[in-house]
Amino acid sequence: MHPKAAVEPTADLAAAPPGAVTSAPPKAAARAAATTDTATTLYIDGGWRAAASGGTFEASNPATGGQIGLLSEGARADASAAIDAAHAAAHAWGRTSPFERAAVLERIAAAIAERKDQLAEALTRDQGKPLHAEAYGEVEELIQYFTMAAAEAPRIEGLMPPSVDPNKRVLIQRVPKGVVGVITPWNWPYTMPAELIAPALAAGNAVVWNPARFTSHCSAELARAIEQADLPKGVFNLVTGPGDEVGDEIAGDPRVAAIGFVGSTRTGMRIAQRAAGKELLMELGGNGPLVILKDADIDKAVQATITACFLNAGQSCTAGERVLVDRSIHEVYVDKLVEAVHEQVRLGDPMAGETTMGPLNNERTAAKTEHHVAEAIERGATLHAGGRRAPEHGSALFFQPTILDRVTESMEIAREETFGPVVPITAIDGPDDALRLVESSPYGLLTAVFTQDLALGLRFAESARAGWVNINEGTNYWEPHLPFGGRAGSQSGLGRVGGRFAIERLTELKTIVINLG
């Protein structure tokens with residue numbers, strides 16, 4: 001399974017008729033070859049248009065700094081127009097057969113598969129992740145989300161509990177919310193939208209999507225694939241533009257019944273305030289503690305660390321942003337890790353086949369990574385590898401794979417999300433010390449532990465304050481059909497995405513009582 005994706009701000013939010021079921025859309029072949037003016041990238045009410053203001057913004061390649069194209073800079077008026085369209089379409093779409101909705105989702109999956117090369121290349125150019133090592137994998141996972149939602153749509157079930165009155169019958173139906181606003185980040189610009197859009201459509205909701213500004217180019221390419229499925233006008237809408245206008249308008253509009261958000265904790269809190277009273281499904285921040293106990297298989301733990309810290313250049317909510325290693329194996333682990341990183345991690349042109357790690361996506365993330373590393377070294381951490389930018393690869397956004405040892409609790413890199421390719425290592429004195437450090441974090445998304453004692457691993461997993469715990473697997477592993485989300489009371493979100501669990505959150509129960517006389 002593809003490793004779990006991540007969260008980081010999308011953009012600062014003001015903070016952020018039933019018909020025949022067919023296996024392929026009638027216009028798919030023609031549309032697959034069609035292109036849209038790069039400055040006409042709002043998809044509203046079944047058609048592509050420019051922003052009402054005529055404004056545009058530039059999409060740039062993080063690996064080269066070169067321009068990819070111009071995108072429409074939507075604003076509040078455009079978001080409102082998209083909500084108008086979704087609101088008008090929601091009732092009819094919600095009354096369609098779930099089997100018809102399943103067929104539409106299967107057509108979306110087929111359109112994505114047809115455009116696989118185009119989507120993967122757009123992802124690499126726009127986000128920066130390596131084409132062969134990662135981008136194709138994210139497209140495959142994108143297909144899986146829509147296929148899985150298609151399978152779940154006909155399984156949406158109700159109840160028929162008894163009434164106290166023998167002359168009455170009670171029906172409890174699970175019905176769509178109506179209009180769902182989807183606001184998503186730049187680090188996994190296909191996976192994160194899919195885990196919200198696919199179940200929202202499967203459940204019978206209409207969608208208004210505001211993707212991250214930094215990856216709006218590939219988001220528009222995904223919207224073109226969705227367009228091929230010939231959904232009714234207004235059921236799916238895309239508005240590119242800044243979160244503090246577009247996202248804020250979506251979150252605050254009373255016609256939007258639910259908000260699905262993936263992004264930073266800070267932006268999520270602003271959205272929650274703006275969307276007070278709405279259903280909220282929010283996947284927020286994390287710092288993915290990776291715990292390696294004294295009886296761990298060190299070689300397996302080293303390989304898991306590489307995936308945990310360097311997948312997507314560390315830009316993941318479940319990245320191993322705290323690596324806690326038992327003191328008795330600490331030196332052996334560090335030596336093996338340094339050697340493995342030197343041999344296996346290949347920083348470079350993300351279009352090249354041999355590259356395993358590309359650039360960071362944007363300057364804000366690069367600057368934060370640079371600052372966290374420098375602050376840790378200044379306060380006593382030991383640098384074993386990397387530690388600086390690598391502009392010789394094509395742009396200032398390339399950052400060397402970095403290993404920091406002797407990281408303490410007081411350092412910023414241990415307390416905050418770095419979102420860069422860094423392994424921050426802290427020596428621990430057993431599982432209780434590890435749990436203490438895990439508990440000290442405000443996050444509660446995902447934790448991993450390595451031990452060959454299954455009973456110890458299970459006890460640790462049951463005690464760890466996290467919504468998901470992996471035993472003898474890294475922090476960036478998950479499976480899309482399983483419930484994923486933050487632990488209650490933490491800063492890692494509300495609700496669960498994944499398979500039927502997201503559908504349950506994006507529907508509600510309606511009770512119907514029938515008097516038989």
Side-chain angles (χ1 to χ4, degrees), residues 2-3 5-6 8 38 58-71 115-142 185-191 212-222 303 305-316 319 338-370 373 385-403 418-423 476:
H2 199 281
E8 180 69 352
T38 55
E58 178 182 315
S60 61
N61 185 331
T64 66
Q67 179 176 308
I68 299 171
L70 292 177
L71 298 160
R115 290 170 168 260
K116 180 169 63 176
D117 292 338
Q118 180 180 344
L119 286 164
E121 290 170 8
L123 177 59
T124 295
R125 287 194 301 271
D126 205 18
Q127 200 280 336
K129 61 184 60 183
L131 177 65
H132 300 283
E134 295 183 14
Y136 274 107
E138 185 167 350
V139 175
E140 291 294 339
E141 189 172 47
L142 176 59
W186 49 261
N187 50 349
W188 298 79
Y190 293 156
T191 299
R213 185 182 184 91
F214 290 129
T215 49
S216 290
H217 170 72
C218 64
S219 298
E221 291 300 317
L222 172 56
Q303 291 304 309
T305 303
I306 290 174
T307 302
C309 299
F310 301 125
L311 179 75
N312 198 22
Q315 298 166 118
S316 170
V338 171
E339 181 180 2
V341 169
H342 177 72
E343 292 177 351
Q344 298 177 32
V345 182
R346 293 286 176 265
L347 180 65
D349 177 4
M351 299 299 288
E354 67 274 12
T355 297
T356 66
M357 192 174 85
L360 294 169
N361 177 260
N362 55 77
E363 174 57 30
R364 180 173 58 187
T365 300
K368 180 171 63 172
T369 301
E370 192 172 46
V373 170
R388 66 172 182 83
R389 300 196 196 211
E392 63 272 18
H393 289 289
S395 82
L397 298 180
F398 285 90
F399 202 95
Q400 295 175 331
T402 298
I403 300 173
T418 300
F419 240 59
V422 183
V423 185
N476 262 330

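Each residue takes its place number in the sequence, starting with 1.
- Nearest heavy-atom pair across Asn476 and Thr307 is ND2-O, 3.2 Å.
- When side chains are defined from C-beta on, Phe419 does not count as touching Leu360, because their heavy atoms never get closer than 4.5 Å.
- Proximity of Trp186 to Thr365: side-chain heavy atoms (C-beta onward) are separated by under 4.5 Å at one or more points.
- For Phe398, the ring-ring contact (aromatic ring centres under 6.0 Å, His included) partners two or more places apart in sequence, or in a different chain, are His393.
- The two atoms that bring Met357 and Phe399 nearest to each other are CE-O, 3.4 Å, heavy atoms only.
- A side-chain donor-acceptor contact under 3.5 Å links Glu141 and Thr191.
- Atoms CD and CZ, on Glu363 and Phe214 in that order, are 9.5 Å from each other to the nearest 0.5 Å.
- The closest side-chain heavy-atom distance from Leu123 to Pro189 is below 4.5 Å.
- With contacts defined as side-chain heavy-atom distances shorter than 4.5 Å, the pair Leu131/Tyr136 qualifies.
- Residues Ala122 and Tyr190 approach most closely at CB-OH, 4.1 Å, considering heavy atoms.
- Counting all heavy atoms, side chain and backbone alike, Pro359 lies closest to Ala313 at O-CB, 4.2 Å.
- When all heavy atoms are compared, the tightest approach of Gly387 to Thr402 is N-OG1, 2.8 Å.
- Although no hydrogens or angles enter the test, the distance criterion places a donor-acceptor pair under 3.5 Å between the side chain of Arg389 and the main chain of Ala396.
- A donor-acceptor pair is defined here as one N or O able to donate and one able to accept, closer than 3.5 Å; no such pair exists between the side chain of Thr418 and the backbone of Gly420.
- A donor-acceptor pair under 3.5 Å links the side-chain atoms of Gln315 to the main chain of Asn361, judged by distance alone.
- In this structure a side-chain-to-backbone donor-acceptor pair under 3.5 Å is missing from Glu221 to Gln118.
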Expected list for residues 338-345: side-chain donor-acceptor pairs under 3.5 angstrom, two or more places apart:
none

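- Using a distance-only test at 3.5 Å, with no hydrogens or angles considered, no donor-acceptor pair links the side chain of Asp126 to the main chain of Ala59.
- Judged purely by atom type and a 3.5 angstrom limit, Glu134 uses its side chain to pair as donor or acceptor with the backbone of Asn312.
- A distance of 12.0 Å separates CD in Glu58 from NE2 in His217, rounded to the nearest 0.5 Å.
- Listed for the Ser216 side chain is a donor-acceptor partner under 3.5 Å among the backbone atoms of Ala212.
- Under a 3.5 Å cut-off, the side chain of Ser395 and the backbone N or O of Thr64 do not form any donor-acceptor pair.
- A distance of 12.0 Å separates CD1 in Ile306 from CG in Leu311, rounded to the nearest 0.5 Å.
- Judged purely by atom type and a 3.5 angstrom limit, Lys129 has no side-chain atom pairing as donor or acceptor with the backbone of Trp188.
- No donor-acceptor distance shorter than 3.5 angstrom exists from the side chain of Thr355 to the backbone of Pro350, with no hydrogens or angles considered.
- Between Ala120 and Ala135 the shortest heavy-atom distance is O-CB, 3.7 Å.
- Taking the side-chain hydrogen bond (donor to acceptor under 3.5 Å, both in side chains) definition, one finds that Gln400 meets it with nothing, sequence neighbours left out.
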